[in-house]
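First comes the structure, then the notes that go with it.
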Amino acid sequence: MKLFDTNHPFFRPLWIRLAVCAVAGGWAVFEFSTGATVWGLIFAAFFALSVWGFFVDFNPREPD
């Protein structure tokens, strides 16, 4: 089961995929810097999942 559909047409432009990854990674860094380790780990996991889904396993398809 996926957290969200990475093949949705909304995520087809590269800048949107980069923005989602940057926000998740930046928020993880922010949480770690403020001492909130658990939230940092949650957002770091979201960052890792989004990088995997948007760049490693990404398969853009035409809408049905």
Side-chain angles (χ1 to χ4, degrees):
M1 181 176 163
K2 289 187 174 182
L3 183 62
F4 56 92
D5 185 14
T6 57
N7 290 322
H8 191 276
F10 176 78
F11 296 117
R12 190 164 296 145
L14 177 62
W15 73 269
I16 292 177
R17 292 180 278 145
L18 287 172
V20 169
C21 293
V23 168
W27 201 263
V29 169
F30 170 75
E31 293 293 347
F32 282 125
S33 69
T34 60
T37 308
V38 174
W39 283 108
L41 288 173
I42 290 170
F43 280 100
F46 183 72
F47 171 72
L49 285 173
S50 62
V51 167
W52 176 264
F54 288 142
F55 298 108
V56 177
D57 194 35
F58 187 67
N59 183 16
R61 63 175 188 258
E62 294 297 321
D64 296 336

Just so I know, are the side chains of [X] and [Y] near enough to count as touching, which here means a heavy-atom distance under 4.5 Å?
X   : Y   : result
F11 : V20 : yes
R17 : L14 : yes
F43 : V23 : no

Determine the minimum heavy-atom distance between C21 and F47, stating which atoms define it.
->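 Smallest heavy-atom distance, with atoms named: O-CD1, 3.1 Å.
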Do the side chains of F10 and F54 join up, straight or via other hydrophobic residues, at under 4.5 Å, putting them in one cluster?
->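 Cluster IDs for F10 and F54 match.
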Is it true that L18 and W52 fall in one hydrophobic cluster, defined by side-chain heavy atoms closer than 4.5 Å?
->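 The answer is no; the residues belong to distinct hydrophobic clusters.
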Mutual orientation of the aromatic rings belonging to W27 and F30 [parallel < 30°, tilted 30-60°, perpendicular > 60°] =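 W27 and F30: tilted rings.
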